Amino acid sequence: MTSHVPLSRAAFPADFTFGVATASYQIEGAIAADGRVPSIWDTFSATPGAVVGGDTGEIACDHYHRYPADVTLMRDLGVDAYRFSLAWPRILPVAGGAPNPSGIAFYDRVLDELLAAGITPWATLYHWDLPQEIEDAGGWPVRDTAYRFAEYAAVAADALGDRISHWITLNEPWVAAFLGYAAGVHAPGRTDHAAAMRAAHHLMLGHGLAMQVLRERVPQGSHGITLNLTPIEAQGGRDIHAEAVRRVDGMANRIFLDPILRGTYPADVVADTAHVLDQSHVHDGDLELISAPIDFLGINYYFPTVVATGVYPGSAAVGMGAHNRPRTAMGWEVDAEAMTRMLTRVRDDYGDVPIYITENGSAWDDVVSADGGVHDAQRLAYLQDHLAACLDARAAGVDLRGYFAWSLLDNFEWAEGYAKRFGIVHVDYATQERTVKASGRWYADFLTGDER
Ligand code: FCB
């Protein structure tokens, strides 16, 4: 335990939001149902060698058909809120075309169930399932994609804004831009650094345009963006790695925090990347749009990042290090205190902005025991320690207002396919049977005040 404050729901303010999170492509399946068109993840996962085991989102958790039972599961867990994402390829299949009523009707049904169960819906507009047609027209490296995204945002807001009050424009633009367009390990699998930098900016522009849309069409709502932030540590805490820390922090965190919360790109990041591209893709007025006030900042936190001396993205790469902390099945180091440090850093450097942890969780090699249960002690400890870290951040004065566990269900973990399980509920993919794991049972007890 990291916290000095006893861990109970009563230690949080009464209006602190506790939820669970998922994303459309990771759980829905039904990829060809009711007018949905292919996304970049359909294409990527069909590419030999791209995803572990050749897994795809074709069926996933079959949530498209099983959503009533999944909402009942959430009601039984006792969560206040459910963060999910809307699939652009269901809602607006053709850029500039007509909205797809049968795609929208799926979300109508989900919302009916959620509202009847007393669960507040939080919708993410973009959790990486870009319509393939838009990638074919250039994807995020092309400026037009930001405007196409705003068009889709308007359709979604008009159709669902009467029932969805909390909107998140983008999930983790860092991953979409850099894993998708530079590292090539996520869809669309491109390896072009300049394209990735342009993608990052156009994602930011899309966020700014979508915020404008949401302000106009859902004026009573609460709107923000979700970033994956990671505290950057020098290997061994040694000063000789300070330059590596600066560079990686710039490319991982400040490249998004600065434009959104300060209205500028960090000068050092612009200088570091000048050999890759100039700034001609940043047009007058873009940064004003991008830095328009947000109602909250969503943060996904999983692990701290350790770096060693070197330069990035210049001639010699920064070395990635480790600090001998326990690691999850993803190989991610576990450190709940690093989450508290990251939260206080955002407050110290960027001022007071309401913050929600919109994702936090861990993958482990779960085993279904002979008694039928999943006794996921490590995930449970991770959950408890990170909830305690939320209390520590609040005690340090961070305006942290909520926490969403990733994930409700085991699901399609992108390039890792179904091999990595993050759920607090186990999914048997052969039968689609759901089993609440020990971590999920503890979360339910915590939420109802019965935790031990
Ligand atoms: C985040 C993603 C989420 C999930 C977790 C493990 O980067 O937003 O979809 O894959 O990682």
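In this text, all values refer to a predicted model and were calculated from it rather than measured experimentally. Start at 1 and go down the list; that is how both ligands and their atoms are numbered.
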With hydrogens left out, which residues have an atom under 4.0 Å from ligand 1, given that only heavy atoms count?
-> Gln26, His127, Trp128, Asn171, Glu172, Asn300, Tyr302, Glu359, Trp406, Glu413, Trp414, Phe422

Does a side-chain N-to-carboxylate-O contact under 4.0 Å join Arg421 and Asp376?
-> no

Are the ring centres of Trp406 and Tyr302 closer than 6.0 Å?
-> no

Residues pairing under salt bridge (charged side-chain N to carboxylate O under 4.0 Å, His left out) where one sits in residues 39-54, two or more places apart or in two chains, turn out to be Arg36-Asp42

Taking the six-membered ring for Trp and the full ring for Phe, Tyr or His, determine whether the centres of Tyr382 and Trp332 are under 6.0 Å apart.
-> no

Arg262: partners by salt bridge (Lys or Arg N to Asp or Glu O under 4.0 Å), with sequence neighbours left out | Asp258

Taken in chain and number order and not counting sequence neighbours, the residues that satisfy salt bridge (Lys or Arg N to Asp or Glu O under 4.0 Å) with Arg190 are Glu135

